[in-house]
Amino acid sequence: MSVSSSSMGGGGDAGVRTVVWFRRDLRVEDNPALAAAARTDGEVVPEYVWAPEEDGPYYPGRVSRWWLSQSLKHLDTSLRRLGDSKLVTRRSADAVDALIKLVRNNGATQLFFNHLYDPISLVRDHRLKEMMAAEGIIVRSFNADLLYEPWEVVDDEGQSFTMFAPFWNRCLSMPYDPAAPLLPPKRISSGDLSMCPSDDLIFEDDSERGSNALLARAWSPGWQNADKALTAFLNGPLIHYSVNRKKADSASTSLLSPYLHFGELSARKVFHLVRMKQLVWSNEGNRAAEESCTLFLRSIGLREYSRYLSFNHPCSHEKPLLAHLRFFPWVINECYFKIWRQGRTGYPLVDAGMRELWATGWLHDRIRVVVSSFFVKVLQLPWQWGMKYFWDTLLDADLESDALGWQYISGSLPDGRELDRIDNPQLEGYKFDPHGEYVRRWLPELARLPTEWIHHPWDAPASVLQAAGVELGSNYPLPIVGLDAANARLQEALSEMWQLEAASRAAMDNGMEEGLGDSSEVPPIEFPRELQMEVDREPARVTANVLTTARRREDQMVPTMTSSLHRAETEISADLGNSVDSRAEVPSHVHFEPRTEREEIVHTNAGNAARTNGIHEHNNFQLPQHRMRNVLAPSVSEASSGWTGREGGVVPVWSPPAASGHSETFASDEADISSRSYLDRHPQSHRLMNWSQLSQSLTTGWEVENSVQPNLIG
DNA sequence: CGGATGTTGGT
DNA sequence: CCAACATCC
């Protein structure tokens with residue numbers, strides 16, 4: 001793997017200066033780019049560029065920015081300990097530009113970094129390599145994030161997998177093991193950094209500071225803390241993971257995901273250590289423990305798969321991979337959306353989850369499925385909205401993982417759940433929270449309700465409600481939508497979806513060449529505009545006898561942040577007043593100006609996006625005015641738009657949507673499976689999307705890491 | 001008891 | 001979609 005590159009380029013270059021560009025690999029252990037730079041025996045300049053504007057609508061949320069800031073401090077400390085070094089930080093609107101300036105100013109001749117797989121990074125990193133090559137800088141890049149690079153994992157025909165199970169089976173039976181984790185470099189020397197002043201990076205504003213202070217009591221970012229968390233999990237909850245993982249209270253989960261997102265923890269290290277445990281337990285004949293490892297490793301596999309999907313389908317964070325889902329008439333209802341975010345749907349398990357998410361930035365995996373499934377199937381809001389809210393609020397917000405999760409939930413993956421099976425929050429409540437403890441923790445207004453009714457208060461006798469201090473419709477809402485009504489509307493919507501899909505296919509067959517296609521019929525899903533939470537204006541009327549301490553904005557308050565947020569026993573009294581103000585507002589930062597200087601955009605039919613076929617008035621759905629806005633960059637939001645290459649296509653091109661009526665068909669493709677026909681029709685983008693070909697098609701100054709890992713022009 | 005039929009879980 | 005499991009005659 002990339003590790004073996006030590007034999008190929010670096011050794012013995014005393015005197016060279018190498019910039020190591022840190023991104024989501026904020027660790028010194030098992031960091032191939034850093035290790036390779038350290039092995040040159042020259043000077044190493046560790047660099048971090050804060051350029052969130054590049055992320056457009058996916059500007060990191062408050063909690064995510066907080067984590068990042070802590071992690072960078074930790075990394076800086078580690079680098080200083082490793083010798084005469086430190087983390088050089090830059091604030092820029094354009095990371096490539098900042099890096100070029102840095103390299104020029106300090107006489108560096110090499111730039112090393114580790115791969116990322118989100119669409120923005122794929123394009124940016126490619127541009128970076130081009131520009132660095134033009135400067136005569138040697139660029140090398142490495143795999144630090146995955147067990148195997150996406151292009152390594154293919155089926156017997158050499159095609160990409162489109163379903164998780166076979167993908168993961170292949171990963172587990174590859175002819176070579178994932179690279180073994182690397183130790184931290186013994187020493188890093190940076191020489192004179194006077195030419196590399198650091199910018200002060202600002203990650204929070206005044207309104208966020210108070211809420212962030214609470215986070216610090218529950219979490220400890222940083223790669224060494226990641227390591228501790230991993231050890232604690234391996235020696236603790238892992239062995240019972242197979243039985244405990246279903247409990248909504250997350251004492252049994254690993255709590256590693258934020259570390260993994262920022263690369264403070266190496267997925268390969270996790271993989272190796274869990275496998276060791278599995279071997280031990282397997283030899284002891286402990287079947288349940290062995291199963292626990294298998295299940296936990298599968299969640300590592302899902303993370304792996306999310307990168308794989310993102311690499312092969314760069315629009316998977318906003319467009320359904322199954323073509324017909326593009327025709328689903330989502331309910332465009334910002335009121336529903338708001339009620340869901342506030343945890344006021346009237347379904348206790350859903351509401352408890354949403355309030356935990358808001359208060360803590362954390363949610364057990366099961367509850368994520370519950371709230372997102374409710375969002376998509378009962379409320380029938382577009383999953384992209386929910387994903388954006390997760391992005392803004394989750395401590396471990398991760399574009400690739402969340403895209404996979406939401407697509408799975410909304411039935412837009414070949415192996416996902418069907419859209420038409422509504423999960424019953426009442427039944428799930430008794431499954432994941434059988435004694436109602438989770439609901440009581442997060443919904444104090446229901447705290448005195450007996451377990452028998454805790455997950456369906458609307459059925460409870462009046463006397464029970466009265467004794468519990470619950471007034472439905474007053475201090476706790478009635479269900480926002482009945483499941484029967486939701487089901488009826490869902491069936492109608494699905495049949496409409498199929499009709500639209502068939503009509504689109506017919507139109508295609510009638511001689512329209514591909515290109516117009518459904519992009520003219522189905523506008524991209526947009527985020528609603530500037531929603532205000534308005535929670536202050538409608539505080540729940542909590543009667544004095546309810547087990548809540550009187551607080552401002554009671555219905556959004558949480559009595560305490562307890563175990564689900566942190567392992568530390570400190571009970572944090574959650575006066576989350578600040579968090580109300582600073583709570584990420586989902587639709588913020590939706591402006592994403594296409595950078596035309598970076599890539600030429602083929603932009604067809606954008607104007608047609610104004611068609612509002614997402615609006616439906618059925619059943620109990622009241623729909624407010626819907627403002628359509630074309631807020632996403634055409635390069636990533638328009639089905640028909642592309643990332644077209646400048647010179648012979650070195651920028652990814654997203655194909656026009658297919659006219660296929662096959663439910664198994666990925667949206668971007670014709671007949672059988674997406675990536676294949678997609679790449680066949682866009683060989684130039686294959687060159688970008690498949691790094692191995694890229695390295696062959698472009699030459700000058702780039703070395704090949706080794707034969708197994710076709711390098712990323714590196 | 002056994003096969004048809006339904007339900008659940010899984011990514 | 002599909003396998004495992006339950007339930008029903």
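Proteins get letters first, then strands, A, B, ... in listed order; numbering begins at 1 in each. The shown structure was predicted, so the numbers you read here are calculated from the model rather than taken from an experiment.
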- Query: What is the ring orientation for Y347(A) with W458(A), classed by angle as parallel under 30°, tilted 30 to 60°, or perpendicular over 60°?
  - Reply: perpendicular
- Message: Less than 4.0 angstrom between a side-chain N/O of R366(A) and OP1 or OP2 of dT11(B), yes or no?
- Response: no
- Task: Please test W362(A) against W219(A) for ring-ring contact (aromatic ring centres under 6.0 Å, His included), starting from the C-alpha separation and ending with a verdict.
- Result: CA-CA 11 Å; W362(A) 183 260; W219(A) 296 93; 5.2 Å; yes
- Message: What I want to find out is whether R440(A) reaches D433(A) closely enough, with some N-O distance under 4.0 Å, to be called a salt bridge.
- Response: no
- Task: Establish, with yes or no, whether the OP1 or OP2 oxygen of dT11(B) is under 4.0 angstrom from a side-chain nitrogen or oxygen of R298(A).
- Result: yes
- Query: Just how far, in rounded Å, is C1' of dG10(B) from CG of D423(A)?
  - Reply: 12 Å
- Message: Quick test of the criterion, 5.5 Å between centres and less than 30° between planes. Is Y408(A) stacked on dT11(B) or not?
- Response: yes
- Item | D398(A) with R303(A): basic N within carboxylate O range, under 4.0 Å | no
- Query: When all nucleic acid strands are considered with a 4.0 Å heavy-atom cut-off, which category describes R368(A): base, sugar-phosphate, or nothing?
  - Reply: nothing
- note: M163(A), atom CE; dT11(B), atom P; distance rounded to Å ~ 13 Å
- Message: Can you measure Q407(A) atom CD to dT11(B) atom C1' for me and round it to whole angstrom units?
- Response: 12 Å
- Examine dC1(C): is either OP1 or OP2 under 4.0 Å from a nitrogen or oxygen in the side chain of R421(A)? Give yes or no. no
- Task: Send over the distance from I300(A) CD1 to dT11(B) P, rounded to a whole Å.
- Result: 14 Å
- Query: K246(A) NZ to dT11(B) P: how many Å, rounded?
  - Reply: 11 Å
- Message: Rounded to whole Å, please give me the gap between CH2 in W406(A) and P in dT11(B).
- Response: 19 Å
- Could you state the atom-to-atom distance from CH2 of W168(A) to P of dT11(B) in whole Å? 12 Å
- Query: Atom CG of D420(A) and atom C1' of dC1(C): how far apart are they, to the nearest Å?
  - Reply: 12 Å
